[in-house]
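Have a look at the structure below before the remarks.
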Amino acid sequence: MEPEWLRRELDDNQLEAVTADDGPILVFAGAGSGKTRVLTYRIAYLLTCRNVPAHRIMAVTFTNKAAKEMRQRLEQLVGNLFQPAWVGTFHAVCTRMLRLHGHSIGLPKDFVIYDEEDQLSLVKRILKEKDIDPNQFPPPAILSAIGAAKEQQVTPEELAEIVENPFQETVAKVYRDYQTRLQEAKAVDFDDLLWLALRMLEEKPEVADYYQSRFLHILVDEYQDVNRTQHQLTMLLAAQHRNLFLVGDDDQSIYSWRGSDVRLMLEVRNHFPDLRVFVLTNNYRSTQVILDAAWYVIKRNIHRQEKRLRAVRPAGEPLILFRAQDDREEAAFVAATIIDLVKQGANRYSDFAVIYRINAQSRPFEEVFVRWGIPYRVVGALRFYERKEVRDIIAYLRLLFNPADQVSLLRIINTPPRGIGEQTMSRIQELASLKGLPLGVAIFADDLLPSLPPRQRGGLMRFRQLMERLRQGLNEWKLSELIQAIVELTDYDEYVRKAEGDLVGQERMSNILQLATAAEQAFGDEPAAQSLPRFLEQIALLSPQDAADWRGDLVSLITAHSAKGLEFPIVFVTGLEEGLFPHSRSLDDPFQLEEERRLFYVALTRAKDRVYVTYAQRRGFSTGRWGESRFALTDLSRFLLELPSALVVEWRGVPTAQGLIPMPSPPTAAPRTPVSDWSKVLQPVSPSLPQPIRASEPGQSPAQGPFPVKTGARVRHRDFGIGKVIAVAADRRLLTILVQFDDPSVGLKRLALDMAPIEILSD
DNA sequence: TGTACAACCCTTTTT
DNA sequence: GGGTTGTACA
């Protein structure tokens, strides 16, 4: 009998799924139907009501953030009880299995994980050695072909046999070297993590048996986005106990370009004919209007299971459509609307998300937001861990952990410059391959040095001493101290300041400090030798959602892909133009077009209360793509036309820094009229259209007066706490200050003096 | 070897 | 716009 707390928190449908008996279960859970909730409560139910030991449960989520939230939720529900359960992404779970048993298939325990940047630099390197022209065979294209092969579980040898053209031939050749190099470097890439784990289970019955008997229950979220390897892994892991709990929504499948395939979700029944299916259609997130609008769009897809979501909440307000002259006006409209609503006190900044199709679209929004003082975060654009300085330090750490890691070695052997140039490197490489040693090992071989000319020897000596000193420190220092030591021993500080000036240098050093703080928070006083592997693993497997800083009252700028699984009271879906959303690369393929439509569906259903859809009649590639000021005329997205006109009102206003000036009549004065005729919206651009009012008319420049705050002053920020002003600058017509906050996890922030919620404590 | 500067690509989404 | 590559020179 299910306890009271379950009944209280779940509706009948959810309860039925959560408390279902053992056996294979598939839950079709529409957007906002409490999918993650059902998964979490299922685990809590298994732990408390069915007395399943936590260490016999594996739960797979889509992002680490989702895993973390699930753990927190479980903590509230059942306390520490859940701790031994395996909760994480497919990649994290596979890493764990490979660390434990990878030796059975010859994988060293201390393997490192190469991310896309590492992969790319390896491919480039191979091209160079093989004397292949990267213009003719672009490294990213080769890499993605290798990735596709791996997703299909095609080996280099198999690929070599099925090549049909010179490009594929090149790919096959590079692929072979690429795998060899990975092995030499004791490295695996993202695809290897999955594939190797699968191979291990397939080839080593004793390992398979261990996991199959250990895990009584396998639960997987977002099953519509698994690829073949992940699917096979799931089937295999559940083969013995057959307790499978899969949750997914075919309407939200948006990763087929990465090898995922919705059909796999429907194929589960082939493995488990007694599969029980539950369908959740009560939506707890959005208004009915939003759901209806989304449904009218998604129902155009032919390849889907028909289902319609019912809102638990009231009908709500219609969608608002804004037609902007160009992308700058689009951004201004969004900014002005946010200012209006925040001023009214109805919303805070963190209630808003600006969703777009491609990352490059964030720029115009960022520009207006900075100018008008709207605080924001960009989710996933340049991630923290992708910053050059952070990656440099990580490369040092990785090399310490695994001296065979060539990509890291090549990255830092002369960073900061220590006189090891191309000449030296090719000489060393020659000697290393002569001895058959990995580069990172050969460098430390004693008989290497005498064979070098004195000048080359000097640089190399410095590097050796540096690494030896750091390696000694592994056991005496904790991780944060090790990072500090790397910075000090390499004079990294001086290097960045010299290369990029004091201001940028400060910012870069602050990022490194944040890295150290993250290490400190995660591992405290543990010796670096112990914590290092886990630290490296954590940062290798981060998603944009994981890497984003979600603290603070900030507007989120985010791609539709990254927004999956999130929700916001107010959502702007922007750039609804043919060729952008849907993207031009999808226009000629009906299957891909359906995926674009699902992506739009995902974007719409992120919203709780209100949706704004916007498009620009001209998009300046000055901001979107490379720096020309050429403008292209755009067509309205077909997805807009698929929205039922009764649910949409067009609302044109003039965006200003003070908010939106409604035009022609205030939006509250008369009931807004629904868009009655799409052809009006579709009007071609005419040169006689009134120009948008310039929102940023030059006022008197604050830069001319004395600065109200001096460098060195201490300030208090509402969200970030107390900090010290490091620099003051007049940026356009706006005063900005650079503040180093005392809380090292906040670090350095650039703030608009007029707008940011700060008070000046002292000079 | 390191640096300064011109010339070239580029952008779809990401574990 | 920005990041990378190639060339000329200290």
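Every chain is numbered from 1 and lettered A, B, ... according to where its sequence line falls, protein lines coming before strand lines. Values below: every heavy atom of this structure, side chains too, minus hydrogens, waters and symmetry copies.
Taking a centre distance below 5.5 Å and an interplanar angle below 30 degrees as the stacking criterion, A:H583 stacks against the six-membered base ring of B:dT12. In this structure, the aromatic ring of A:W257 is not positioned over the six-membered ring of the base of B:dT12 within 5.5 Å between centres and 30° between planes.
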List every contact pair, protein side and nucleotides 4-8 of chain C side both N or O, where the distance is under 3.5 Å.
none

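The shortest distance between side-chain heavy atoms of A:N64 and A:T89 falls below 4.5 Å.
Minimum atom distance to the side chain of A:R357 is reached by B:dT13, of the listed B:dT14, B:dT11, B:dT13. Closest to the side chain of A:N414, from the set B:dT12, B:dT14, B:dG2, is B:dG2. Candidate nucleotides B:dT12, C:dG2, B:dT13 were compared by shortest atom distance to the side chain of A:R363, and C:dG2 ranks first.
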Original post:
When Watson-Crick pairs (N1 to N3 and N6-O4 or O6-N4) and G-U wobble pairs (N1-O2 and O6-N3) count only below 3.5 Å on both distances, what is the dot-bracket string of DNA chain C, with | for other-strand pairs?
Top reply: .|||||||||
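Cation-pi geometry between A:R99 and A:F111 is met: the NZ or CZ atom falls under 6.0 Å from the ring centre, inside 45° of the normal.
Comparing A:R585 and A:R418 along DNA chain B, the residue whose closest nucleotide (by nearest heavy atom) sits nearer the 5' end is A:R418.
Remark: A:D392 engages A:R411 in a salt bridge, criterion side-chain N to carboxylate O under 4.0 Å.
No hydrogens or angles considered: nothing links the side chains of A:Y223 and A:Q230 as a donor-acceptor pair under 3.5 Å.
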